[in-house]
Engineer: 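A single structure is presented below for examination.
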There are 2 protein chains.
Amino acid sequence: MTFEPISRQSVSDQVFGRLRDAIVSGRYAADEALPSERELSATFEVNRHAVREALRRLQQLGLVRVSQGGATRVLDWRATAGLDLAMALVGAEDVLPVATLGRDVLEMRACIGADAARLCAERAAPGARAAIAEAVDRYAAVVPDLARMAEADLALWRRIIEGSGNIAYLLAFNSLTAGAIAVGHMPAPRRTAELLDVGAHRRLSDQIAWGDAAGAQRTARALLALTATGEAAAHDRAATQGEAGAHDESAAP
Amino acid sequence: MTFEPISRQSVSDQVFGRLRDAIVSGRYAADEALPSERELSATFEVNRHAVREALRRLQQLGLVRVSQGGATRVLDWRATAGLDLAMALVGAEDVLPVATLGRDVLEMRACIGADAARLCAERAAPGARAAIAEAVDRYAAVVPDLARMAEADLALWRRIIEGSGNIAYLLAFNSLTAGAIAVGHMPAPRRTAELLDVGAHRRLSDQIAWGDAAGAQRTARALLALTATGEAAAHDRAATQGEAGAHDESAAP
DNA sequence: ACCCGTCAACTGGTTGGACCAGTTGACTCA
DNA sequence: TGAGTCAACTGGTCCAACCAGTTGACGGGT
């Protein structure tokens with residue numbers, strides 16, 4: 001049992017969190033006006049500057065639209081927010097209106113991972129291919145320890161995506177892993193099937209080294225589908241249960 | 001010729017932009033300390049609060065790490081920034097250290113679009129399928145006007161991604177389109193091949209309506225590859241020319 | 001000579017208040 | 001009835017002060 005560092009949230013962090021949750025959970029309709037900064041600062045009993053800093057962050061996330069003179073209005077986050085919102089949703093404690101977020105993240109990981117493997121086999125620099133082989137070795141070296149394997153696996157995939165030379169994939173990967181939803185920090189037992197398949201990992205690395213784009217894509221797809229489709233199936237099983245959000249997948253046997 | 005609205009940048013917006021560009025362009029090494037808030041406010045000749053608001057946005061983007069008492073340090077954005085950074089890079093005027101961003105965005109669009117089409121055919125609600133058919137009709141109705149076709153095409157893909165039910169795809173799509181790099185606002189002539197293929201669009205819609213997941217994926221992949229691989233080829237042709245950034249692709253014949 | 005506690009000089013965090021600059025809508029006058 | 005006006009909002013900016021952590025140099029102890 002390890003202790004996690006105590007998070008010291010500043011005032012504006014807390015205001016940010018509350019407003020974010022309120023918006024994402026749908027408490028404000030799209031295009032509805034948020035209370036004025038002065039009003040919010042009175043409500044939260046903080047200074048107006050703290051509120052303003054929080055609003056800036058919400059603006060950066062694509063959740064609100066501010067205009068001098070006019071009111072600050074809530075945006076439809078499904079239409080305007082970027083992938084970083086997934087990163088921010090980690091801290092959201094109340095039930096999200098999106099029960100499928102865990103599945104969705106895994107699907108995206110599978111999709112991007114497979115294409116990155118393809119591109120990597122196709123055009124990665126020799127150094128990048130060597131780095132991938134090394135990463136596989138490090139992964140295989142910790143083989144009994146699931147937690148460390150998960151960590152090494154993540155590092156390996158980062159190498160592969162870096163090798164693909166696609167910045168967009170890399171940034172998306174950051175978004176998905178920083179919001180450690182389901183992929184990293186919360187490894188459902190289902191993920192062990194993928195994690196334990198050392199042979200497939202090694203094959204993938206070899207195919208990339210060899211330049212076999214189609215093979216690497218196929219291997220990566222099969223490997224990632226182990227977790228992604230499992231999650232999708234689990235979601236189908238628990239479909240339309242309302243409370244079964246993306247957060248309590250760990251209860252599975 | 002239409003006039004675009006004049007952007008009224010606030011002071012903190014400008015500070016944000018400058019710091020963002022400075023960081024992304026590599027003027028600060030990773031883990032290097034940014035000047036203190038007081039110093040920055042003196043340099044830019046603005047109030048410290050304006051600097052703070054800008055720093056908050058940088059923090060939200062994953063570009064800096066702030067800690068009370070300690071200095072604000074620059075992060076390695078390739079390791080910590082999310083996909084929203086692509087959105088923010090639109091405003092960056094100086095040459096980016098990433099010459100392939102346009103190609104990368106198109107590759108990601110192709111990858112996600114194809115998978116979304118698959119999922120959409122597999123599990124979209126009847127209403128969503130109907131909405132896609134309608135979107136194709138609207139697209140086909142403006143067929144000679146390339147600008148309006150591009151707009152309708154974007155709306156169609158949004159419908160498809162919404163139909164896939166994958167929130168992560170939807171958010172990523174927002175990130176990619178909001179940063180209108182190459183995909184939307186700046187349609188390279190190469191894109192016309194994809195845009196003009198009305199038949200493929202219609203076929204895609206039909207396959208989704210019919211529930212033909214594999215077919216929809218194949219059609220979408222082929223359609224999106226028209227632009228994506230063209231861009232990749234163009235990048236290969238202009239490889240290692242330094243100045244040939246993602247911004248001036250429109251000069252191609 | 002070396003180690004370690006102390007403390008001043010940083011850093012960011014927070015507050016209050018004042019004023020500027022746009023937007024909005026009600027209200028007035030032609 | 002219509003257009004213009006203006007007061008009452010909204011967010012944007014600034015100043016000044018103080019609180020709360022971090023850092024590193026300095027000096028006294030061993």
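Order of the sequence lines fixes the chain letters, A, B, ..., with proteins taken first and strands second; residue numbering starts at 1 for each chain. Values below: every heavy atom of this structure, side chains too, minus hydrogens, waters and symmetry copies. All figures in this text were calculated on a predicted structure; none of them were measured in a lab.
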Engineer: Strictly by modelled atom types, are Arg57(B) and Gln60(B) linked by a side-chain donor-acceptor pair under 3.5 Å?
Structural biologist: no
Engineer: Looking at residues at least two apart in the chain, or sitting in another chain, which of them share a salt bridge (charged side-chain N to carboxylate O under 4.0 Å, His left out) with Asp84(A)?
Structural biologist: none
Engineer: So that I can tick it off, tell me whether Asp21(A) and Arg27(A) are bridged by a salt bridge, with the cut-off set at under 4.0 angstrom between side-chain N and carboxylate O.
Structural biologist: no
Engineer: For Arg52(B), check salt bridge (charged side-chain N to carboxylate O under 4.0 Å, His left out) against everything at least two apart and list the hits.
Structural biologist: Glu53(A), Glu37(B)
Engineer: State whether a side-chain donor-acceptor pair under 3.5 Å links Asn174(B) with Arg158(B).
Structural biologist: yes
Engineer: Could you state the CD-P distance from Glu37(A) to dG16(C), rounded to the nearest angstrom?
Structural biologist: 16 Å
Engineer: Once you round to the nearest 0.5 Å, how far does SG of Cys111(A) lie from CG of Leu224(A)?
Structural biologist: 10.0 Å
Engineer: Under 4.0 Å from any atom of DNA chain C, heavy atoms only: list the residues of residues 62-75 of chain A that qualify, in numerical order.
Structural biologist: Gln68(A), Gly69(A), Gly70(A)
Engineer: Which two nucleotides bound the region of DNA chain D that has atoms under 4.0 Å from heavy atoms of chain B, read 5' to 3'?
Structural biologist: dG12(D) to dT22(D)
Engineer: Output the residues of residues 44-58 of chain A in contact with DNA chain C, where contact means a heavy atom of the residue under 4.0 Å from an atom of the strand; sort by number or write none.
Structural biologist: Val46(A), Asn47(A), Arg48(A), His49(A)
Engineer: List in chain and number order the residues that pass ring-ring contact (aromatic ring centres under 6.0 Å, His included) with Phe173(A), two or more places apart in sequence or in another chain; answer none if no residue qualifies.
Structural biologist: none
Engineer: If you count every heavy atom of other residues, nucleotides or ligands that lies below 6.0 Å from Arg18(A) atom CZ, does the total exceed 12?
Structural biologist: no
Engineer: Can Arg103(A) and Asn166(B) be counted as having a side-chain donor-acceptor contact under 3.5 angstrom?
Structural biologist: no
